[in-house]
Amino acid sequence: MSSRALSTDPVTAARLLLGATLTSGGGTTGEVTARIVEVEAYGGPPDGPWPDPASHSHRGRSTRNAVMFGSAGRLYTYRSHGIHICANISCGPGGTAAAVLLRAAVIERGIGVARQRRGALVAEPALARGPGNLCSALAITMDHNGVDVFDAASPVRVRLADSPADPICGPRVGVSVAADRPWRFWLAGHPEVSAYRRSPRAPLPGVSD
DNA sequence: GGTAAGATCAGC
DNA sequence: CTGATCTTACCT
């Protein structure tokens, strides 16, 4: 029951998910396993324990973000800019909104399958760099929204690392509010980690949320 | 029922 | 720096 470990605040959950392995597919579909090396924490509504104006759940529960309000250890997928799919792992106790966005991973098994999905020209460290690319390489789709990643029968599965990671933290990428909050975490020395680019819509640095 | 905006990526 | 392209949320 590793999901119990994620039944905590999103920052703690983010550190637990760093270094964890993510596996998708198996059987007839190509299986790909990747080690998570970059994540971002997202909180919830203003009246909850982790207010976060940058979170999809900040304005309360909706059809799209319902998984964030559910129990920990479920996959929350959403479509970004009409084209890309991004994947989060829900955390916090049931009824409380929080999740961890998966931003980058090192492909450890199934590189051939991943490259087939991403294109032959893509460099190896870039196969699962960026949340949209990560989902593309692992063939994570909107059909996977809500699946239990700690269920061995799920199409997408997570196995937490034995020892907790010692991550570096910094501001989240691409968010237009609370842009200075250091809720992005990554493991040092990985070329898979995406470069930081502040959202063009974010206010100048130093403006608090 | 219409529309604006978005936790992105690839290609000029 | 821009275009692609679609879902959601929040109006009227």
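Below, read A as the first sequence line, B as the second, and so on, with proteins coming before strands; counting in each chain starts at 1. Atoms considered below: every heavy atom in the structure, side chains included; atoms not considered: hydrogens, waters and symmetry mates.
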Rounded distance in Å - NE2 (A:H58) to P (B:dA7): 13 Å
First and last nucleotide of DNA chain C, 5' to 3', lying under 4.0 Å from heavy atoms of chain A: C:dA4 to C:dC10
Scanning all shown strands, the Watson-Crick or wobble mate of B:dG1 with both distances under 3.5 Å is C:dC11
To the nearest angstrom, how far is A:I83 atom CD1 from B:dC9 atom P? 10 Å
Do A:N65 and A:S62 have a side chain donor and acceptor closer than 3.5 Å? yes
Centroid under 5.5 Å and tilt under 30°, A:H84 to B:dT8: no
Stacked pair A:Y42-B:dA7, distance under 5.5 Å, angle under 30°: yes
Basic-acidic side-chain contact under 4.0 Å: A:R109, A:E31: no
Residue pair A:H56 / A:Y76, side-chain donor-acceptor N/O under 3.5 Å: yes
Base, sugar-phosphate or nothing for A:R172? Non-hydrogen atoms, less than 4.0 Å. nothing
Using atom CZ of A:R64 as one end and atom C1' of B:dA5 as the other, report the distance to the nearest whole Å. 11 Å
Less than 4.0 Å between a side-chain N and a carboxylate O, is that true for A:D52 and A:R181? yes
Counting only Watson-Crick or G-U wobble pairs whose two distances fall under 3.5 Å, which nucleotide matches C:dC1? B:dG11
Taking B:dA7, B:dA10, B:dT8 as options, the one with an atom nearest any side-chain atom of A:R118 is B:dA10
Within residues 119-146 of chain A, residues whose heavy atoms come under 4.0 Å of DNA chain C: none
Between CG on residue A:N133 and CG on residue A:L138, distance to nearest 0.5 Å: 11.0 Å
Co-membership, hydrophobic cluster, residues A:V175 and A:L102, 4.5 Å side-chain: no
Ignoring hydrogens and geometry, is there a side-chain-to-backbone donor-acceptor pair from A:R74 to A:C91 under 3.5 Å? no
Do A:R35 and A:E108 sit within salt-bridge range, that is, some charged N less than 4.0 Å from a carboxylate O? yes
So, are A:R172 and A:D180 salt-bridged, with charged N and O less than 4.0 Å apart? no
Send over the distance from A:Y78 OH to B:dA5 P, rounded to a whole Å. 18 Å
